Amino acid sequence: MAKAVVNKDLCIGCGTCSSLCPEVFKIEDGKSHVAKENCEGCDCQAAVDACPVNAISLEE
Ligand code: SF4
């Protein structure tokens with residue numbers, strides 16, 4: 001099960017990841033936070049691909 005990780009130094013808080021995977025990504029204080037580490041059912045790879053600054057990675 002992949003675990004999403006956000007590099008907060010890169011994140012610009014655009015909200016794309018939270019609109020794609022709202023269970024996993026929450027925007028707080030202008031940055032994306034991983035609220036639920038295990039991506040189940042949603043496609044966090046879509047968020048990885050959509051992030052404009054490549055701030056999201058998936059760890060096994
Ligand atoms: S898509 Fe990337 S830059 Fe945008 S809020 Fe998510 S992690 Fe941050």
Side-chain angles (χ1 to χ4, degrees):
M1 197 68 68
K3 179 179 139 186
V5 178
V6 173
N7 182 331
K8 292 187 176 55
D9 291 333
L10 295 176
C11 175
I12 57 171
C14 69
T16 301
C17 55
S18 65
S19 54
L20 287 168
C21 296
E23 296 244 318
V24 172
F25 302 102
K26 308 282 182 199
I27 306 297
E28 287 171 21
D29 299 326
K31 300 279 181 179
S32 177
H33 294 257
V34 176
K36 186 175 147 226
E37 289 192 332
N38 290 323
C39 181
E40 300 165 28
C42 73
D43 185 3
C44 278
Q45 185 62 49
V48 171
D49 294 342
C51 177
V53 292
N54 294 320
I56 306 170
S57 53
L58 294 179
E59 296 179 356
E60 294 303 322

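Note: hydrogens, waters and symmetry copies are ignored here, and every other heavy atom, side chains too, is used. This structure is a prediction, so every number in the text was calculated from the model and none was measured. One-based numbering, in listed order, for ligands and for the atoms of each. Positions are given from 1, in the same order as the sequence printed here.
The shortest contact between atom 7 (S) of ligand 1 and any protein heavy atom is with I56 CG1, 3.6 Å.
Here H33 contributes atom NE2 and S18 contributes atom OG; the two are 11.0 Å apart, rounded to the nearest 0.5 Å. Annotation: the span from K3 atom NZ to E59 atom CD amounts to 5.5 Å, rounded to 0.5 Å. The NZ atom of K31 sits 7.0 Å away from atom CG of D9, with the distance rounded to the nearest 0.5 Å.
Annotation for ligand 1: atoms under 4.0 Å from non-hydrogen atoms of I27 are 5 (S).
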Just list the side-chain donor-acceptor pairs under 3.5 Å for residues 47-58, sequence neighbours left out, or say none.
residue: D49; atom: OD1; partner: Q45; partner atom: NE2; Å: 3.0

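Contact between K26 and A35 at its shortest, heavy atoms only, is CG-CB, 3.4 Å. Closest approach of V6 to S32, counting heavy atoms only: CG1-O, 3.6 Å.
Residue-and-atom listing of protein N/O/S atoms under 2.8 Å from atom 4 (Fe) of ligand 1, sorted by chain and number: C14 SG.
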